[in-house]
J.: 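For reference, the structure I am asking about is given below.
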Amino acid sequence: MRIDPDGRGVQGLTTFILFVVLNVLYLVACLPVVTVGAATSALLEVTLRYADDERGHLVRGFVVALRRNAWRGTAVLVALGVPAAMLVFSGVFWLSMSSVLSAVAGALALLGAGYLLAALLYGLALVAWFDAPLRGTLRNALLLPLAEPARTLGLVLIPVGAACVAYVLPQTLFLAGTIGFSFGAYVCALVLHGVFRRRQAHPSELEPVSPHSGQ
């Protein structure tokens with residue numbers, strides 16, 4: 001029996017294996033914790049390229065992007081991720097109390113955390129896809145949730161929905177460890193492509209940016 005290396009079945013299996021390897025590399029890169037921003041930005045960069053007519057190499061491209069996006073990805077995580085985490089802690093704290101005012105405060109804190117989560121995802125994707133100063137990247141990241149509310153909702157629901165499924169069904173954590181993060185980033189990339197194309201066509205209040213030279 002002869003196997004055609006160009007057949008769709010073989011190509012599909014190869015792509016699946018690459019996504020698994022990419023997922024493992026991403027988890028290893030996140031182990032120091034402080035590298036989560038850089039690793040996520042690198043993951044978004046390679047999946048954004050792959051979502052754009054399957055361009056680029058998933059594994060090799062991730063290693064290159066990890067080095068290139070290191071400081072800006074980390075800076076975006078600190079600037080947007082830390083306040084988001086603080087708001088989540090605050091929201092849980094207020095909701096644990098039994099008063100109307102604390103419930104309102106908790107709900108507002110969680111809404112703020114959701115907004116910053118969306119801004120964080122946009123910020124890391126902007127680092128991955130565009131060459132821009134950090135200040136402009138953060139400004140655009142904070143403006144995009146307002147400019148693209150529908151796509152932003154879909155973007156936020158991807159990680160939040162996955163986290164809820166993992167909480168309700170702990171057995172799905174195996175998927176997260178094998179392909180969940182890389183495939184989730186690919187789905188996010190499909191949403192982000194629509195946002196970036198629309199914003200480049202209608203820049204409005206966003207600061208001008210230029211794609212990476214490698215795009």
J.: Which distance, rounded to the nearest 0.5 Å, do you find between the OG1 of Thr14 and the CG of Leu58?
T.: 11.5 Å
J.: Is Val76 close to Leu120 at the side-chain level, that is, under 4.5 Å between some pair of heavy atoms?
T.: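 Yes, at least one pair of side-chain atoms sits under 4.5 Å.
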J.: Ala162: what forms a side-chain contact (heavy atoms from CB on, under 4.5 Å) with it, not counting sequence neighbours?
T.: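 Partners of Ala162 by the side-chain contact (heavy atoms from CB on, under 4.5 Å) criterion come out as none, since no residue qualifies.
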J.: Provide the closest heavy-atom pair for Ala113 versus Val88 in the form atom of the first, atom of the second, distance.
T.: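 The pair with the smallest heavy-atom distance is CB-CG2, 3.6 Å.
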J.: Would you give the length of the straight line joining atom OG1 of Thr15 to atom OH of Tyr186, rounded to the nearest 0.5 angstrom?
T.: 9.5 Å
J.: Should Leu87 and Leu142 be regarded as members of a common hydrophobic cluster, given that ILVMFWY residues are connected when their side-chain heavy atoms come within less than 4.5 Å of each other, either directly or indirectly?
T.: yes
J.: Do Tyr122 and Val195 touch side chain to side chain, with heavy atoms closer than 4.5 Å?
T.: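 They are in contact (side-chain heavy atoms under 4.5 Å apart), so the answer is yes.
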J.: Which atoms form the tightest heavy-atom contact between Leu116 and Pro83, and what is the distance?
T.: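 Between these two residues, the closest heavy atoms are CD1-CB, 3.7 Å.
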J.: Do Trp129 and Leu192 come within less than 4.5 Å of each other through their side chains, counting heavy atoms only?
T.: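 They are not in contact (no side-chain heavy atoms under 4.5 Å apart), so the answer is no.
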J.: Check for a donor-acceptor pair, side chain of Arg72 on one end and backbone N or O of Ala132 on the other, with a separation under 3.5 Å.
T.: yes
J.: Taking Leu110 as the starting point, is it possible to reach Trp94 by hopping between hydrophobic residues whose side chains are less than 4.5 Å apart?
T.: no
J.: Is the closest side-chain heavy-atom distance between Leu155 and Cys188 below 4.5 Å?
T.: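 A side-chain contact under 4.5 Å exists here.
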J.: Are Leu80 and Ile158 linked, directly or through other ILVMFWY residues, by side chains that come within less than 4.5 angstrom of each other?
T.: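 Yes; Ile158 is reachable from Leu80 via cluster members.
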J.: Closest heavy-atom contact between His193 and Leu48?
T.: NE2-O, 2.7 Å
J.: Please enumerate all residues that pass side-chain contact (heavy atoms from CB on, under 4.5 Å) together with His57, with sequence neighbours excluded.
T.: Val59, Arg60
J.: Has Thr172 got a side-chain atom pairing as donor or acceptor with Leu175's backbone, closer than 3.5 angstrom?
T.: no
J.: Can you confirm whether or not the ring centre of Phe19 sits under 6.0 Å from the ring centre of Tyr50?
T.: yes
J.: Going hydrophobic residue to hydrophobic residue with side-chain gaps under 4.5 angstrom, can you get from Val24 over to Leu44?
T.: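 Different clusters.
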J.: Rounded to the nearest 0.5 Å, what's the gap from CD on Glu148 to CZ on Phe196? Could you check?
T.: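 Taking CD in Glu148 and CZ in Phe196, the distance rounds to 10.0 Å.
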J.: Arg197 versus Asp52: any side-chain heavy-atom pair under 4.5 Å?
T.: yes
J.: Looking at Asn140 and Leu126, would you say the former's side chain and the latter's main chain have a donor-acceptor pair under 3.5 Å?
T.: no
J.: Has the side chain of Ser90 got a donor or acceptor atom that lies under 3.5 Å from a matching backbone atom of Ala109?
T.: no
J.: Which atom names give the shortest non-hydrogen contact between Ala42 and Leu66, and what distance separates them?
T.: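 Ala42 and Leu66 have their closest heavy atoms at CB-N, 3.5 Å.
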J.: Is the closest side-chain heavy-atom distance between Leu22 and Ile179 below 4.5 Å?
T.: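 Heavy-atom side-chain distance check fails, nothing below 4.5 Å.
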J.: Can you tell if the side chain of Leu121 reaches within under 4.5 Å of the side chain of Pro159, non-hydrogen atoms only?
T.: yes
J.: Could you report the tightest heavy-atom contact between Ser41 and Asn69, atom names first, then the distance?
T.: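 Where Ser41 meets Asn69 most closely, the heavy atoms are OG-ND2, 3.4 Å.
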J.: One pair to check against side chain to side chain contact (heavy atoms under 4.5 Å, CB included): Leu27 and Phe181. What are the steps and the verdict?
T.: CA-CA 8 Å; Leu27 292 176; Phe181 288 98; 3.6 Å; yes
J.: For a quick test of reading the model, state the closest non-hydrogen atom pair linking Val168 to Pro170 and the distance between them.
T.: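 Heavy-atom minimum between the residues: O-CD, 3.3 Å.
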J.: Say whether Leu111 and Leu144 are linked into one hydrophobic cluster, either directly or through other cluster members, by side-chain heavy-atom distances under 4.5 angstrom.
T.: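 No, no single cluster joins them.
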J.: So, do Leu117 and Val160 sit near enough that their side-chain heavy atoms are less than 4.5 Å apart?
T.: yes
J.: Is it true that the side chains of Thr152 and Tyr115 contain a donor and an acceptor less than 3.5 Å apart?
T.: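 The answer is no; no qualifying pair exists.
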J.: Any chance CG of Leu169 has more than 12 other-residue heavy atoms, nucleotides or ligands included, within less than 6.0 Å?
T.: yes
